There are 2 protein chains.
Amino acid sequence: MDDLEEGLIRRKAVAQLAGVSEATVSRVLNGVGPVKEETRKRVMEAAKQLNYVPSALAQQFARQKSGNLGVILPLLPKVNVFSTYYFSEILSGIGHTAKQSGYDLLMLFREPGEPREYAHLFRTQKIDACIILGAQNIPSDYDALKELQREGHPFCLINQQYEGAPFNTVDADHRMGSYDATVHLMKQGCQRIWFLNGPSAFSNSLDRLEGYCQALETAGEPFDPNRVLVGNYSRKSGYESADIMAELIRTGQADAVIAANDRMAIGLLQGLKERGLIAGEDYALVGCDDSDGARLTDPPLTSIAVPFYEAGCEATSRMLEALTEPVLTAPFTAKLPVRLVVRASSQV
Amino acid sequence: MDDLEEGLIRRKAVAQLAGVSEATVSRVLNGVGPVKEETRKRVMEAAKQLNYVPSALAQQFARQKSGNLGVILPLLPKVNVFSTYYFSEILSGIGHTAKQSGYDLLMLFREPGEPREYAHLFRTQKIDACIILGAQNIPSDYDALKELQREGHPFCLINQQYEGAPFNTVDADHRMGSYDATVHLMKQGCQRIWFLNGPSAFSNSLDRLEGYCQALETAGEPFDPNRVLVGNYSRKSGYESADIMAELIRTGQADAVIAANDRMAIGLLQGLKERGLIAGEDYALVGCDDSDGARLTDPPLTSIAVPFYEAGCEATSRMLEALTEPVLTAPFTAKLPVRLVVRASSQV
DNA sequence: CTGAAAGCGCTAACAT
DNA sequence: ATGTTAGCGCTTTCAG
């Protein structure tokens with residue numbers, strides 16, 4: 001009860017108590033090098049008895065490794081292009097995987113206008129590797145990534161690719177997702193399928209659009225670029241496109257919509273409902289992400305399920321591997337499968 | 001282009017180039033102690049020229065401070081008692097505030113069955129302070145917190161209090177929230193208001209129940225413990241209570257329900273809808289949290305808005321203060337105001 | 001299998 | 001205002 005005076009030179013005491021050198025204490029505690037079983041036991045016991053725990057600070061310093069995996073993500077000020085669903089699923093995957101390897105997660109929030117000093121995090125040795133969420137195809141992001149690569153830092157993007165740039169990436173097969181969605185809608189008899197996309201700075205916007213085009217063309221129906229609207233992945237932008245969509249539906253120029261994420265789909269669904277148009281009756285609607293919200297709407301939203309949790313796991317284990325076996329392999333690109341989840345909103 | 005060989009003894013070089021000692025370099029870079037403006041400039045220039053950045057590892061070690069704020073939170077394996085809304089709002093608040101002080105966030109996920117070795121994180125010096133989310137009133141949690149306190153580590157709970165235990169806490173006025181909700185329902189003419197609570201291991205479950213009771217009693221209507229159901233904060237548990245609630249509503253034994261969170265409220269709303277009972281028509285419904293989902297349901301859900309983002313900010317700034325001025329003040333308890341947001345589900 | 005000793009890069013007295 | 005120096009606590013060669 002009164003041994004709370006946290007000793008400082010505890011390690012020395014442990015060594016003494018066990019009758020060995022500090023070096024041996026280190027060997028035992030880290031399980032490295034040959035150590036006689038008996039010595040090992042003595043040290044372990046001494047450590048436990050003295051309630052000794054090594055300082056992570058000193059270890060990191062001596063090893064020149066922070067033991068931290070950086071997770072860079074956009075700061076969500078109330079609302080954001082990323083649904084919290086996306087965010088928490090990926091984070092859970094990362095957390096689960098990192099934990100198993102004893103790696104800690106350092107969260108790095110990136111404020112909107114701020115310069116992307118990712119490389120700085122490595123130079124200061126705050127992190128040993130990192131996973132980047134929400135990167136976009138814009139110069140500031142791209143340059144920062146190039147810099148990371150140039151300096152040889154291990155990093156991995158989730159859900160974002162750069163044309164012709166070989167960055168490590170874990171992505172989902174968004175193209176296939178909207179391909180499937182489009183085929184599904186055509187099977188339901190839809191003839192004029194519109195596409196409500198997100199900003200093209202996100203590679204998955206492009207992927208999704210591509211799948212939609214391919215499905216149409218495969219069916220012998222030429223892609224009509226006029227049938228594409230662009231929002232910003234917020235519910236508001238979906239809601240706001242209801243005005244034009246209502247008109248299109250009423251005049252028979254549209255009988256279905258694929259929205260590039262659930263938030264926009266939900267906004268659109270609500271906006272159209274206010275105008276008397278019901279998803280699953282007056283038009284068919286498909287979203288992307290299969291977020292929690294897809295189950296809450298009325299009618300429930302057909303959506304494309306993306307394995308975000310798994311993406312987090314995958315990216316993390318790849319990074320951890322890269323840290324243990326620094327074999328300079330070529331950049332990898334994992335593409336996880338998606339799955340169309342059909343609900344009432346697309347059943348006309 | 002070829003100066004990529006990251007020097008190791010860069011600091012020494014900086015000192016030389018600036019014609020000063022390493023100590024002065026340190027002073028300049030940290031902005032401490034008196035330094036002649038001219039020297040300062042010389043050093044800064046030398047540092048920039050040599051592209052020098054101090055090693056956080058070495059700094060932390062020398063200062064004996066990790067510079068990390070620990071954030072302990074439950075690992076969300078797919079779904080959890082915490083809505084992702086709650087989770088991401090609080091995290092955003094923490095991230096925003098910590099960032100401004102140059103503190104980093106170390107995420108510590110706590111797996112379900114696992115022992116709570118919070119104190120360990122301090123002993124190993126991985127964190128300087130921490131914020132704990134999702135703690136419950138159960139022995140394993142309580143003991144871990146007591147240990148933290150006994151060892152004098154700065155920590156703060158969000159949304160959880162322990163009777164008679166003076167832990168630092170940032171909470172919301174949940175009692176007032178359900179008080180207001182109850183009054184609101186009575187004003188709508190509801191006479192038999194039920195309460196669907198969450199597990200009592202969460203202090204806010206108790207707070208909410210208390211507000212409900214107080215409102216009833218203030219109105220001269222005695223509290224009837226039979227009108228309380230208990231779920232586990234999941235949508236499923238709300239959905240499952242629809243069976244019994246449907247019967248109660250049909251037989252006139254219930255005309256309103258307050259659910260202790262939105263997820264349960266939404267589950268209940270859906271379950272009752274399947275049984276032909278519509279919120280806002282056949283009965284009144286109020287949830288808690290004012291999550292995104294509250295705006296998605298049909299009808300939209302009346303709910304109690306809780307300033308989760310602000311709670312994260314508040315807890316963080318308190319912890320950061322505690323680190324800079326280690327004045328041992330008494331444990332604090334902040335109680336943030338909540339706000340009833342009336343939507344269609346409660347307008348009978 | 002174990003001990004001795006040399007750092008890891010920076011900070012913070014203490015001296016000047 | 002600046003230089004000197006002694007660590008911070010651990011890991012890791014290198015000997016033995």
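Chain A is the first sequence line, chain B the second, and so forth, proteins listed ahead of strands; every chain is numbered from 1. FYI, side chains are in, hydrogens and waters are out, and symmetry mates aren't considered; it's all heavy atoms of this structure. Source: prediction; values computed, not measured.
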Could you check whether B/Q125 and A/S55, counting side-chain N and O atoms only, form a donor-acceptor pair closer than 3.5 Å? yes
Any B/S55 side-chain nitrogen or oxygen under 4.0 Å from OP1 or OP2 of C/dC8: no
Does a side-chain N or O from A/S21 land closer than 4.0 Å to OP1 or OP2 of C/dT2, or not? no
More 5' along DNA chain C: B/R27 or B/A56, using each one's nearest nucleotide? B/A56
Indicate whether OP1 or OP2 belonging to D/dC8 is found under 4.0 Å from a side-chain N or O atom of A/R11. no
Tell me whether A/F61 is stacked on the nucleobase of C/dC8, counting only the six-membered base ring and applying the 5.5 Å and 30° thresholds. yes
Would you please indicate if the ring centroids of A/F308 and A/F87 are separated by under 6.0 Å? no
Please figure out whether B/R42 or B/R63 has its closest DNA chain D nucleotide nearer the 5' end. B/R42
Cation over ring, B/R11 on B/Y52, under 6.0 Å and within 45°? no
C/dG9 phosphate, OP1 or OP2: any side-chain N/O from B/Q59 under 4.0 angstrom? no
Using only side-chain N and O atoms of A/T24, determine if any of them is under 4.0 Å from OP1 or OP2 of C/dC1. no
Using OP1 and OP2 only, check whether a side-chain N or O of B/Q64 sits under 4.0 Å from D/dG9. yes
N-O pairing of B/K99 and A/E114 below 4.0 Å: yes
With nearest nucleotide decided by heavy atoms, which residue, A/A23 or B/T39, maps closer to the 5′ end of DNA chain D? B/T39
